[in-house]
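Below you'll find the structure, written out as structure tokens, and then a few comments.
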There are 2 protein chains.
Amino acid sequence: MQQPSPAPRKATGRPPRISREEVVDTARRIVTEEGVERLTMRRLASEVGSTPMALYHHVRNKEELLVLLLDDHAARTLRPTELPSEPRERVVAAAAAIHEALCACPWIVEVLTADDLMSTHALWFVEQLVDGLVDCGLSLERAVQGYRAIWYYTAGEIVVRTTAARRRAGNDRPTYREQVFAGLDADEYPRLAQVADRWEPLTAQDTYRDGLRALVAGLLAAH
Amino acid sequence: MQQPSPAPRKATGRPPRISREEVVDTARRIVTEEGVERLTMRRLASEVGSTPMALYHHVRNKEELLVLLLDDHAARTLRPTELPSEPRERVVAAAAAIHEALCACPWIVEVLTADDLMSTHALWFVEQLVDGLVDCGLSLERAVQGYRAIWYYTAGEIVVRTTAARRRAGNDRPTYREQVFAGLDADEYPRLAQVADRWEPLTAQDTYRDGLRALVAGLLAAH
DNA sequence: GCTACTTTCCTTACATGTATAAAAACTCGC
DNA sequence: GCGAGTTTTTATACATGTAAGGAAAGTAGC
């Protein structure tokens, strides 16, 4: 789609009036200023001074646009930094860095699930993750499996939590969860009944890192 | 929304011509026969002999309809069964049962993230999960945190894998992942380059249970 | 300059979820 | 039977993503 810079750039055909970069930049501006829900193809088109369908020559569809936005975000926030040298801590830190970067733009939820590998700009962290697992004694295959488990956990945490938050924001009616807890049979579900009133604060806590550490520990303990 | 049976059922207002149950049943038929992508509100309306907007009196919106479908599915497949008595195995088995049930209808992905608690009909398994963790020696708080970690991991696995599969099905152009691997710098990312050609088969494997066991082990090891 | 070709852009059209407001169909008090 | 009230159904309309086909704007060969 987009050649590396030294590509000779064939000078034929109608010259473009907008560029992919311009599209992505404008989209990012709209998203950061007004939120992702205001990003529509029509709005974006008028903002770059074009028509909706013209965008589709620079972007396959809206989803790809969001992927590009995510990539853009990753490029800005995810820089190779100092990671702990101790391999296990390196794994935790790399995963946490990815997690943190993703949490910062919760709108990517729709896209997050795009692939089992993240954007180019997160590759370095993925490398650190896999490498760290290998340094901990896992085989390469095991390390990749471990990475995927960590990615599942991370993606799931973000997706579940941000959609839950989004739901809470928009709706004032009782949650499905509240309904469930309300009609809970304490004889049949003693444990759940026991925590019913504490569920809200309990699930509000950010326990990502705890779970991550547990997962990593478990992955390593399996030899 | 839906009262328990002994509710006196006020007999006032225009009598309904369709019921929520009928709507859900028809929706399920469409989904199982032709796939979720064929389930549109118009189609569903014409199938039950009504108009699109009439559906909205029995269902808040399409998403709620999907949640109901999921609940319906859970009710059919998730029955309390024999679980291992050993608590750790019970936890694994309960999570795996939920996972399996969800994998059977991959279309719920859009809905899966709805809440951090599943449908009523999965409650029994959640109870077993939390109870098993407590029996393993965790405090109740820790057990709930553990349940949530397991849920994140499970939801993430399903969401990521089914969207990846869906993408593969619809598109013949190269994946983002393939593009990334193609232009991989082996010096900068030695580990990833090392597994680049094995990535496809590696990620095709079903490693849910392995990761699950690792996670549970890690959660328990944290005392 | 003219024709062929290529790339980008624009117009139109459609499917979809759903908001809004009105109409329809019933019960109840009289 | 009649108006008031309530619930369900309908008609209409809008915003959105995007498919399809053609128009515009350039280059290359002649």
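Predicted model, so just to flag it, every value in this text is computed and none were measured.
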Report task. May I ask you to say whether B:Glu34 pairs ionically with B:Arg29, meaning some side-chain N is under 4.0 Å from a carboxylate O? Result -> no

Without decimals, in angstroms, what is the distance between [X] [atom1] and [N] [atom2]?
X	N	atom1	atom2	value
B:Ile18	D:dT10	CD1	C1'	12 Å
B:Arg20	D:dT9	CZ	P	14 Å
A:Glu63	D:dT18	CD	C1'	14 Å
A:Leu66	D:dT16	CG	P	15 Å
A:Tyr56	D:dG17	OH	P	6 Å
B:Met41	D:dT10	CE	C1'	15 Å

Query raised in the report: B:Gly13 or B:Leu39: which one's nearest nucleotide on DNA chain C is closer to the 5' end?
Result: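 That would be B:Leu39.
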
Query raised in the report: Will you find, in the side chains of B:Arg60 and B:Tyr56, an N or O donor that is under 3.5 Å from an N or O acceptor?
Result: no

Report task. Kindly say whether B:Tyr208 contributes a backbone atom to a donor-acceptor pair with the side chain of B:Tyr153 at under 3.5 angstrom? Result ->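 Present.
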
Requested in this report: For B:Glu127 and A:Arg191, work out which heavy atoms get closest and say how close.
Outcome: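 Scanning both residues, the minimum pair turns out to be OE2-N, 2.8 Å.
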
Report summary line: For B:Thr203 and B:Arg161, the nearest pair of non-hydrogen atoms, with its separation, is O-NH1, 3.9 Å

Report task. Could you run through nucleotides 10-15 of chain C and give me one letter per nucleotide, 5' to 3': B if any protein heavy atom sits under 4.0 Å from the base, S if only the sugar-phosphate is that close, - if neither? Result -> BB----

Query raised in the report: Crowded around B:Arg198 CZ? As in, over 12 foreign heavy atoms under 6.0 Å?
Result: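 Yes, because the 6.0 Å sphere around CZ of B:Arg198 holds more than 12 heavy atoms from other groups.
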
**Report entry** Pairwise 5' ranking along DNA chain D for A:Glu37 and B:Leu55, keeping only the more 5' one
**Finding:**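 Taking each residue's closest nucleotide, the earlier one in sequence belongs to B:Leu55.
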
Report task. For A:Leu44, report the nucleic acid contact type (base, sugar-phosphate, nothing); a contact means any heavy atom under 4.0 Å. Result -> nothing

